[in-house]
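First comes the structure, then the notes that go with it.
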Amino acid sequence: MATALGLFLAVRLLGVATLALVARATTGRDALGLLGRSWDSVWYLGIASHGYGRIQHPHTGVMFSDMAFFPLYPALVRAVRAVSPLGGGASGLVVSWAAAAVAACGIYAVGARLHGRAVAFTLVLLWALLPHSVVLSMAYTEPLLTAFAAWSLYAVLTGRWLWAGSLAALAGLARPNGFAVAAAVLAAAACEVWRCLRERRKVSHRLWTGAALAPAGWAAYVLWVGHREGNLLGGYFAVQRRWGSRFDFGQGSLQFVRHLLLHGDRFVFPMTMVIVAAGVVLYALLLADRAPLPLLVHSGVLLLIVLGGSGFFESKPRFLLPAFPLLLPLAQALVRTARARPWHATVVVGALAGLSFAYGAYLIVIANMPL
């Protein structure tokens with residue numbers, strides 16, 4: 001695990017160094033400032049400093065509320081600021097980088113549990129080299145969600161139900177799509193209960209408790225926002241709709257794809273289409289490999305949210321970052337290639353690294369659009 005973590009940190013450091021060079025050469029801006037205070041990071045830092053209550057009206061009839069952002073990340077940023085001399089942006093990066101390291105260890109643990117150390121090592125490497133992996137170095141919440149998701153799934157695979165439920169509850173406090181972790185725990189728990197009933201064994205109280213805890217974090221925040229908005233069950237979703245985010249079974253996404261195909265657009269949007277399509281193919285491969293149910297449910301729910309949700313189309317690849325099980329088929333294939341043709345595997349990894357570093361720098365420095 002230590003070797004995999006070291007490789008992950010080295011890869012992300014190279015990505016940040018590339019970003020710094022591009023930022024200095026093109027805009028003269030500081031890379032850490034870009035990573036710590038870009039787009040959603042500003043909202044999270046505002047919540048960490050002043051609590052909830054900020055509203056923006058960027059256009060007539062449009063209202064953005066900070067209650068769309070879940071509370072765990074800003075709470076951790078506030079805690080880091082309280083015990084250190086760091087400012088908001090630096091504290092956000094500390095939380096994100098630490099969470100990314102914990103996530104890498106959890107991903108390695110899941111991969112090693114299922115397919116051995118070689119596949120686990122490669123799985124961490126592929127996750128670090130995803131086209132949108134620059135987000136793992138930003139003051140964003142994806143590293144935090146992935147950390148809780150990876151270790152919760154590992155706890156399910158090893159039968160530690162209390163840990164699985166508790167970590168799923170924390171994942172639900174990190175991001176709206178953190179519910180995918182709870183869904184995975186609940187699906188695995190339901191199968192285990194069915195197995196116990198069929199074999200006439202007593203169902204452990206740890207299993208019941210873990211299953212009950214899993215959706216608690218997500219549900220608690222959604223209900224709290226609903227209470228604040230005066231609509232207990234629908235208030236949070238009304239806040240999201242005002243941001244343009246809603247689940248419409250893919251209608252908005254299809255309309256946007258139609259626009260791209262007929263009229264063309266900036267490079268980010270076609271790239272988004274390719275990444276999402278690759279996610280669908282990888283999920284089909286994960287199904288064909290008969291991956292464990294919790295991994296299928298977790299990745300499937302995240303993919304369903306991406307395919308069925310409307311809103312910020314360019315953010316869809318970022319929403320898939322916590323769906324690391326999608327990379328398992330690729331990791332297994334790359335390990336087989338490395339054993340048979342080492343140079344071929346080296347070329348593949350080098351190409352992925354070039355794409356990841358260059359595209360990450362492009363997204364942050366040049367594209368100048370929400371991630």
Could you measure the distance from the [atom1] atom of [X] to the [atom2] atom of [Y]? Nearest 0.5 Å is fine.
X: His298; Y: Leu296; atom1: NE2; atom2: CG; answer: 11.0 Å
X: Leu326; Y: Leu123; atom1: CG; atom2: CG; answer: 10.5 Å
X: Asn177; Y: Glu142; atom1: CG; atom2: CD; answer: 7.0 Å
X: Thr158; Y: Trp163; atom1: OG1; atom2: CH2; answer: 11.5 Å
X: His227; Y: Leu223; atom1: NE2; atom2: CG; answer: 11.0 Å
X: Leu295; Y: Leu114; atom1: CG; atom2: CG; answer: 6.0 Å

Give a yes or no on whether [X] and [Y] share a hydrophobic cluster (residues Ile, Leu, Val, Met, Phe, Trp, Tyr; joining criterion: side-chain heavy atoms under 4.5 Å apart).
X: Leu302; Y: Leu167; value: no
X: Leu157; Y: Leu293; value: no
X: Leu321; Y: Val274; value: no
X: Leu320; Y: Ile305; value: no
X: Trp208; Y: Leu186; value: no

Open item on the list: For Leu35 and Val16: C-alpha separation, side-chain torsions, deciding distance, then whether side chain to side chain contact (heavy atoms under 4.5 Å, CB included) applies.
Closed with: CA-CA 9 Å; Leu35 293 172; Val16 171; 4.1 Å; yes
Are the side chain of [X] and the backbone N or O of [Y] linked by a donor-acceptor pair below 3.5 Å?
X: Arg12; Y: Ala128; answer: yes
X: Tyr221; Y: Met67; answer: yes
X: His132; Y: Leu363; answer: no
X: Arg318; Y: Leu371; answer: yes

Task: Qualifying ring-ring contact (aromatic ring centres under 6.0 Å, His included) pairs, either residue in residues 176-200, two or more places apart - done: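 Matches after skipping sequence neighbours: Phe179-Trp218.
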Task: Pairs satisfying ring-ring contact (aromatic ring centres under 6.0 Å, His included), at least one member in residues 99-124, at least two apart - done: none
Can you list every side-chain hydrogen bond (donor to acceptor under 3.5 Å, both in side chains) pair that touches [range], not counting sequence neighbours?
range: residues 75-90; result: Ser49-Arg81
range: residues 87-107; result: Tyr73-Ser96
range: residues 350-364; result: Ser133-Ser356

Close side-chain approach of [X] and [Y], heavy atoms under 4.5 Å:
X: Arg37; Y: Leu45; value: yes
X: Leu86; Y: Val94; value: yes
X: Val185; Y: Ser152; value: yes
X: Thr141; Y: Tyr44; value: yes

Task: ring-ring contact (aromatic ring centres under 6.0 Å, His included) partners of Trp151, counting only residues at least two apart - done: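 For Trp151, the residues satisfying ring-ring contact (aromatic ring centres under 6.0 Å, His included) (neighbours in sequence not counted) are Tyr154.
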Task: Arg290 atom CZ, over 12 foreign heavy atoms within 6.0 Å - done: no
TODO: For ring-ring contact (aromatic ring centres under 6.0 Å, His included), just list the numbers for Trp43 and Phe69, CA-CA rounded to whole Å, side-chain angles, deciding distance to a tenth of an Å, and then say yes or no.
DONE: CA-CA 8 Å; Trp43 286 90; Phe69 300 92; 5.6 Å; yes
- [ ] Considering only NZ, NE, NH1 and NH2 on the basic side and carboxylate oxygens on the acidic side, decide whether Asp40 and Arg175 come within less than 4.0 Å.
- [x]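 Result for this pair is no, no salt bridge flagged.
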- [ ] Apply the side chain to side chain contact (heavy atoms under 4.5 Å, CB included) test between Val11 and each candidate in Leu9, Leu13, Leu7; give the one that qualifies.
- [x]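 Of the listed residues Leu9, Leu13, Leu7, the side chain to side chain contact (heavy atoms under 4.5 Å, CB included) partner of Val11 is Leu7.
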